[in-house]
Number of protein chains: 2
Amino acid sequence: MSRKGWLSAKEVRIADVARLAGVSTATVSRVLADPNKVRQKTRDLVTEAVRRSGYTPNSVARNLRTRRTMTALVVVPNLANPVFAQILRGIDDELTQSGYGLVIGNLDNCAEREARYVELALSRQVDGIILMNGRIPESDKRTMREAELPMVAMCAAIHEEKIPNVVVQDREASRAAVEYLVRLGHRRLGYIAGPPPNVIAAERLAGFLDGIAEAGLTERDFVCWEGRFVFSAGVAAAEAFLRLKNRPTGIYASSDESAIGFIKVVRAAGVRIPEDVSVIGFDGIEFADYVEPTLTTFRQPLHDLGRKGADVLLKMIRQGMSPEDWNVRLPLTLLERDTTGPFLRDPKKVSRQSRARTRVLSQ
Amino acid sequence: MSRKGWLSAKEVRIADVARLAGVSTATVSRVLADPNKVRQKTRDLVTEAVRRSGYTPNSVARNLRTRRTMTALVVVPNLANPVFAQILRGIDDELTQSGYGLVIGNLDNCAEREARYVELALSRQVDGIILMNGRIPESDKRTMREAELPMVAMCAAIHEEKIPNVVVQDREASRAAVEYLVRLGHRRLGYIAGPPPNVIAAERLAGFLDGIAEAGLTERDFVCWEGRFVFSAGVAAAEAFLRLKNRPTGIYASSDESAIGFIKVVRAAGVRIPEDVSVIGFDGIEFADYVEPTLTTFRQPLHDLGRKGADVLLKMIRQGMSPEDWNVRLPLTLLERDTTGPFLRDPKKVSRQSRARTRVLSQ
DNA sequence: AGGCAAGATGTAATCGATTACAAAAGTCGA
DNA sequence: TCGACTTTTGTAATCGATTACATCTTGCCT
């Protein structure tokens with residue numbers, strides 16, 4: 001009952017191949033799934049019939065019967081963010097290697113879309129889910145837990161049983177960023193935060209405050225600006241910064257994009273980086289090495305993070321929901337470049353040394 | 001016959017809902033598909049049963065029966081490239097609006113993966129395909145044409161019947177870029193190309209040559225460097241540039257990333273932009289506005305391009321393969337910023353004026 | 001009340017594979 | 001050559017929805 005136009009061509013089914021090869025559909029199926037199960041001679045017959053007919057199995061039918069789709073759903077808050085793009089590549093590599101495919105669900109910070117993806121998952125179109133959005137409605141969590149669908153949370157610590165977290169050491173690295181600025185002599189700091197409801201943003205903020213406390217600083221020694229991990233957030237922070245009478249000399253931005261936005265604006269206003277103000281970012285996107293001056297930042301092991309997340313998901317899918325604790329927290333690397341320098345009481349002409357150092361965050 | 005662990009929970013099917021509501025499965029199905037087809041009273045009964053049981057239709061089964069998946073496959077060469085990320089958002093918006101989902105196939109410049117996606121498409125897991133890879137093996141083209149799967153080519157002119165192209169005016173804009181540099185007085189030009197097998201790269205190169213011819217320049221007046229649209233390509237081009245005795249003063253890079261990579265390296269070598277060398281890019285990625293100096297470039301209407309591509313695909317899916325010519329070629333916008341300036345015979349101290357102009361490419 | 005059209009619901013076939021189970025074919029030693 | 005056992009193949013049920021067609025209600029007009 002082929003439809004209007006484009007399906008009119010011969011739609012070849014497994015039965016056609018079976019007829020052509022003079023065997024049953026079961027045999028054809030077996031040849032395709034596990035060739036050793038059928039005799040060499042029959043196998044050749046079938047293989048030839050498949051080739052001649054140009055048969056491709058209908059995987060929708062297969063998925064229905066096997067109750068598996070060999071596909072995982074990955075929900076990202078924002079595809080345009082290079083951080084997620086890199087993580088996705090890691091996930092993709094790992095899944096592909098195991099014969100799984102992936103569907104990417106882009107939220108674009110639009111809650112409404114979220115429902116669509118929950119739906120997708122619940123309707124058995126995928127075998128598991130990786131969530132990278134920082135906040136998930138309670139109702140959805142409940143629904144999905146009830147559906148007992150394997151699920152891992154990345155970039156967003158979900159404190160739920162049965163949902164492992166695969167994340168980086170956001171809090172520790174944030175603490176270390178402050179420590180780094182303090183060690184350079186900065187005693188008045190600024191922080192460009194992430195969006196408040198986001199769990200990662202909260203972690204990094206906590207780390208920042210850890211560092212503040214550790215350095216013996218108080219509330220009067222720092223300023224916080226709210227951001228959304230994007231360029232424009234840095235721009236807004238910079239504008240606020242420029243209005244201050246008593247400006248911080250050390251800025252920690254919780255994302256590279258916001259660091260870069262900040263730098264652009266303050267430099268345009270005549271502020272020198274790093275002579276007047278040091279800036280350190282977070283993420284380690286490729287771009288950070290192409291701005292002027294090159295951005296000091298903590299690099300996330302994005303590709304590894306993706307692989308690890310997919311690895312954990314695959315384990316859950318294959319072994320069923322496991323009681324074991326599969327939480328993972330990967331360390332970051334400090335890339336010390338040109339936007340940070342020692343605090344100068346009297347910033348005059350300073351010859352900038354060019355660097356090329358990289359050291360691993362010690363914990 | 002629930003599997004090992006995670007499927008042991010009650011798997012609720014349409015029959016369960018039907019029983020609960022005291023109606024047939026047909027009625028339940030109708031309520032879900034088109035509520036007006038059933039009487040108010042029955043409808044309420046069913047709705048309530050659905051709610052109570054927590055039923056979600058199994059879309060794999062539905063897809064098998066309806067022979068549609070309401071899903072499109074989008075193949076991209078490189079997810080990490082912000083150009084594709086933006087196009088994807090446009091595609092996603094359009095598809096979502098029409099109730100379609102999308103699967104993203106990331107090639108990562110790895111031909112082997114390509115086969116996977118052809119397979120995916122052929123196995124009826126998607127209703128249509130959008131291809132953004134610049135080169136598609138002949139064999140695949142044939143296979144897919146035979147399968148008569150709706151397909152549109154974006155960012156890659158495929159000269160095939162039944163495969164509409166939705167692209168930007170690569171060639172025209174390239175020509176205009178040269179014209180722009182020439183009008184500024186530059187008579188010695190450099191071109192950072194894309195990867196040769198890529199159709200887009202070829203279009204842009206052709207446009208560059210158009211511009212050269214139009215300006216009355218000859219082969220001795222320009223240099224070409226091969227690239228791959230990425231940062232590192234610009235870096236390599238810059239190194240070659242620096243080795244030249246008679247350097248070009250106007251550079252046209254066929255991607256923003258390569259322009260940015262180029263600028264970073266030549267500036268480090270003491271070349272001033274735009275006093276010594278003018279650089280114009282192509283793409284208009286957000287990032288181009290955050291480098292120093294801000295990059296003059298042709299902006300692609302990425303979001304619109306994505307929407308348009310998806311729109312054409314949906315038309316093909318809904319109306320069948322059409323003989324009509326659905327080719328689309330969108331215009332670009334010149335963003336005139338700070339990396340370009342007039343040719344200076346004797347480049348001394350020049351006060352740079354800050355700009356904020358944008359004008360639309362006239363064709 | 002009777003008749004008829006329109007509307008609502010149910011029955012059962014169908015989509016295209018996989019796979020449990022049964023049946024047939026092959027292998028091998030006595 | 002005859003079981004006994006293993007390997008290979010076939011038959012038919014199954015996955016979970018949709019939908020053509022048949023049947024049953026309902027409403028309305030005379």
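The side chain to side chain donor-acceptor pair (under 3.5 Å) search around S24(A) returns T27(A), not counting sequence neighbours.
A close approach under 4.0 Å does not occur between any side-chain nitrogen or oxygen of R39(A) and OP1 or OP2 of dT7(D). Checking the phosphate oxygens (OP1, OP2) of dG16(C), no side-chain nitrogen or oxygen of R62(A) falls inside 4.0 Å.
Residue contacts for V23(B): at a heavy-atom cut-off of 4.0 Å it reaches the sugar-phosphate backbone alone, with no base atom in range.
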For DNA chain D, the dot-bracket pattern of Watson-Crick and G-U pairs whose distances stay under 3.5 Å, | for other-strand partners: ||||||||||||||||||||||||||||||
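If you take CE of M70(B) and P of dT18(D), they are 13 Å apart, rounded to a whole angstrom. The separation between I14(A) atom CD1 and dG10(D) atom P is 12 Å, rounded to whole Å. Distance K37(A) NZ to dA25(C) C1': 18 Å, rounded to the nearest Å. D34(B) has its CG atom 19 Å from the P atom of dA17(D), to the nearest Å. Whole-Å rounding puts the R124(A) CZ to dC15(D) P distance at 15 Å. Atom-to-atom, CZ of R19(B) to P of dT9(C) comes out at 19 Å; the value is rounded to the nearest Å. For N58(A) and dC15(D), the CG to C1' distance is 13 Å, given to the nearest whole Å. In this structure, R67(B) atom CZ and dA17(C) atom C1' are separated by 13 Å, rounded to whole Å.
Smallest separation of non-hydrogen atoms from G105(B) and L73(B): N-CD1, 4.1 Å. Residues L64(B) and A61(A) approach most closely at CD1-CB, 3.7 Å, considering heavy atoms. In terms of heavy-atom proximity, R116(A) sits nearest to Y100(B) at NH2-O, 3.4 Å.
The neighbour count for R52(B) CZ, taken as heavy atoms of other residues, nucleotides or ligands under 6.0 Å away, does not exceed 12.
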Please assess D92(A) against R89(A) for the test salt bridge (charged side-chain N to carboxylate O under 4.0 Å, His left out), listing each intermediate value before the final yes or no. CA-CA 5 Å; D92(A) 193 21; R89(A) 293 173 73 185; over 6 Å; no
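Among the nucleotides dA8(C), dT9(D), dA17(C), the one closest to any side-chain atom of R13(A) is dA17(C). When each of dA17(D), dA17(C), dG16(D) is scored by its nearest atom to the side-chain atoms of L64(A), the top-ranked nucleotide is dG16(D). Here the side chain of S24(A) is nearest to one of dG10(D), dA17(C), dT9(C), namely dG10(D).
Side-chain atoms of S53(B) come within 3.5 Å of backbone N or O of A49(B) as a donor-acceptor pair.
In this structure the side chain of L79(B) never reaches within 4.5 angstrom of the side chain of F84(B), judged on heavy atoms.
Between the CE atom of M70(A) and the OG atom of S59(A) there is a distance of 11.5 Å, given to the nearest 0.5 Å.
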Write down the protein N/O and nucleotide N/O pairs, taken from nucleotides 19-21 of chain C, whose separation is under 3.5 Å; answer none if there are no such pairs.
none

